[in-house]
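Read through the structure below, which is laid out as structure tokens, and then see the notes.
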Amino acid sequence: MTQVTATTINLDAKASIDEKISQLAKQVDSAAFNVKAIMQLSMLGEALTLDEAYHVQDASLARRIDRGEKQVGIKMGFTSRAKMIQMGVDDMIWGPLTDEMFIEEGGEVAFDKFIHPRVEPEIAFLLKKPLSGNVTLTEVMAAVEAVAPALEIIDSRYNNFKFSLEDVVADNCSSSGFTIGAWQQATDDISNLGMVMEFDGQAVQIGSSAAILGNPYRSLAAAARVAGEAGKTLPAGSIVLAGASTAAEALKPGVHVKLHCEKLGVAEFTVA
Ligand code: OOG
Ligand code: MG
């Protein structure tokens, strides 16, 4: 385990809500940028509403866009019971994916880029049509160009990987890296695919895509709905991660992570 030092956040007590949001965005963004854990925002005394937490998320994304990152899609979180139970929360969340977070399939990622990283097995979608608002499962499927097995690296910026729902939303839903296996045509039924995640050839998590809202396409429909509610559209060409089907596993330096997904193939990377 790496030693994690908690940095205290200094908030201006007289700040307006907009100033508060931008100060908190700077805190979570700097924690990620400097690979240094911070105290949970919910411990600061002035609790954020869920709505404000999404504003913090937007403001911290804006800082990354200013540094040259590009948004390439979104990730859904807590779309399975396994994840909700592991982290003690009970609501779905979402956050942006950027090009900087992408790990080349089969590639290497440096361990020191992260504070206390974990990895989890996911399903990724590639859109060929834009999606926003309330859409049926049939419409959702018609908007998908391809499907692939994927691995997400989550790395909470909070001390001890502990958070409230508002904390984790403000912290880009813990998201910090992802890799995607070869894209497959989106024709097959993907509602109950076996998923095995291995560390150095040993199975560490075993599950089914059915754990993701009973069918990962439902997670994509939810992504369209929440984007619509936020006045946004998921453009054609975007990637959507449907959420993990099992609990996450702590990453270690040197480990080779491989996901086998029935019908869809594999996704893998090595921690340098
Ligand atoms: C939050 C992210 C949840 C998922 O797939 O359910 C998530 C966390 O667990 O730290 O990415
Ligand atoms: Mg995830």
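Both ligands and their constituent atoms are indexed starting at 1 by order of listing.
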By the side-chain hydrogen bond (donor to acceptor under 3.5 Å, both in side chains) test, which pairs, at least two apart or in different chains, include something from residues 118-128?
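Sorted pair list: Lys83-Glu120.
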Give me the residue, atom name and distance of the protein heavy atom closest to [atom].
| atom | answer |
| --- | --- |
| atom 9 (O) of ligand 1 | Lys83 NZ, 2.7 Å |
| atom 2 (C) of ligand 1 | Cys173 O, 3.2 Å |
| atom 7 (C) of ligand 1 | Glu120 OE2, 3.2 Å |
| atom 6 (O) of ligand 1 | Phe78 N, 2.7 Å |
| atom 10 (O) of ligand 1 | Ser174 OG, 2.7 Å |
| atom 11 (O) of ligand 1 | Lys75 NZ, 2.6 Å |

Could you tell me whether [X] and [Y] have a side-chain N and a carboxylate O separated by less than 4.0 Å?
| X | Y | value |
| --- | --- | --- |
| Asp58 | Lys232 | yes |
| Arg67 | Asp29 | yes |
| Glu100 | Lys113 | yes |

What do we get for Leu241 next to ligand 1 when only non-hydrogen atoms under 4.0 Å count, side chain, backbone, both or neither?
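Neither part.
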Check each heavy atom of Ala244 against ligand 1 and say whether those closer than 4.0 Å belong to the side chain, the backbone, both or neither.
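Both parts.
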Does ligand 1 have an atom that lies less than 4.0 angstrom from a heavy atom of Glu122?
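It does; at least one heavy atom falls under 4.0 Å.
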Decide whether the shortest distance between a heavy atom of Ser156 and an atom of ligand 1 is less than 4.0 Å.
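Heavy atoms of Ser156 never come under 4.0 Å of ligand 1.
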For ligand 1, which atoms sit closer than 4.0 Å to a heavy atom of [X]?
| X | result |
| --- | --- |
| Val168 | 1 (C) |
| Met87 | 9 (O) |
| Gly243 | 5 (O) |
| Gly77 | 3 (C), 4 (C), 6 (O), 7 (C) |
| Phe161 | 10 (O) |

For ligand 1, which is the ligand I care about here, please tell me if Phe163 has any N or O atom under 3.5 Å from one of the ligand's N or O atoms.
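Phe163 vs ligand 1: no N/O contact under 3.5 Å.
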Please indicate whether any nitrogen or oxygen in Thr79 is less than 3.5 Å from any nitrogen or oxygen in ligand 1.
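No, there is no polar N/O contact under 3.5 Å.
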Under a 3.5 Å distance rule, please check whether Gln202 uses its side chain to pair with a backbone N or O of Phe199 as donor and acceptor.
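Answer holds: no.
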Measuring only between side-chain heavy atoms, which start at C-beta, is Val144 closer than 4.5 Å to Tyr217?
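They are in side-chain contact.
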Please tell me if the side chains of Leu241 and Phe125 come closer than 4.5 Å, counting only heavy atoms from C-beta onward.
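Result no, sub-4.5 Å side-chain heavy-atom pair not found.
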I need the OE2(Glu122)-the Mg ion (ligand 2)-OE2(Glu120) angle, rounded to 10 degrees.
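It is 100°, given to the nearest 10°.
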Please assess Val240 against Trp94 for the test side chain to side chain contact (heavy atoms under 4.5 Å, CB included), listing each intermediate value before the final yes or no.
CA-CA 10 Å; Val240 178; Trp94 61 93; over 6 Å; no
Give me the other members of the hydrophobic cluster that Ile65 sits in, counting Ile, Leu, Val, Met, Phe, Trp and Tyr linked by side-chain heavy atoms under 4.5 Å, directly or via other members.
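Result for Ile65 is Leu61.
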Cluster link Leu259 to Val257, ILVMFWY, side chain under 4.5 Å
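As far as the 4.5 Å side-chain criterion goes, Val257 and Leu259 are connected within one cluster.
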As an exercise, state the distance from CE of Met195 to CG of Leu264, rounded to the nearest 0.5 Å.
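Here the rounded value is 8.0 Å.
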Say you draw a straight line from CG of Asn159 to NZ of Lys36; how long is it, rounded to the nearest 0.5 Å?
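It comes to 10.5 Å.
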If you look at Glu152, which of its N/O/S atoms is nearest to the Mg ion (ligand 2)?
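The Glu152 atom nearest to the Mg ion (ligand 2), restricting to N, O or S, is OE1.
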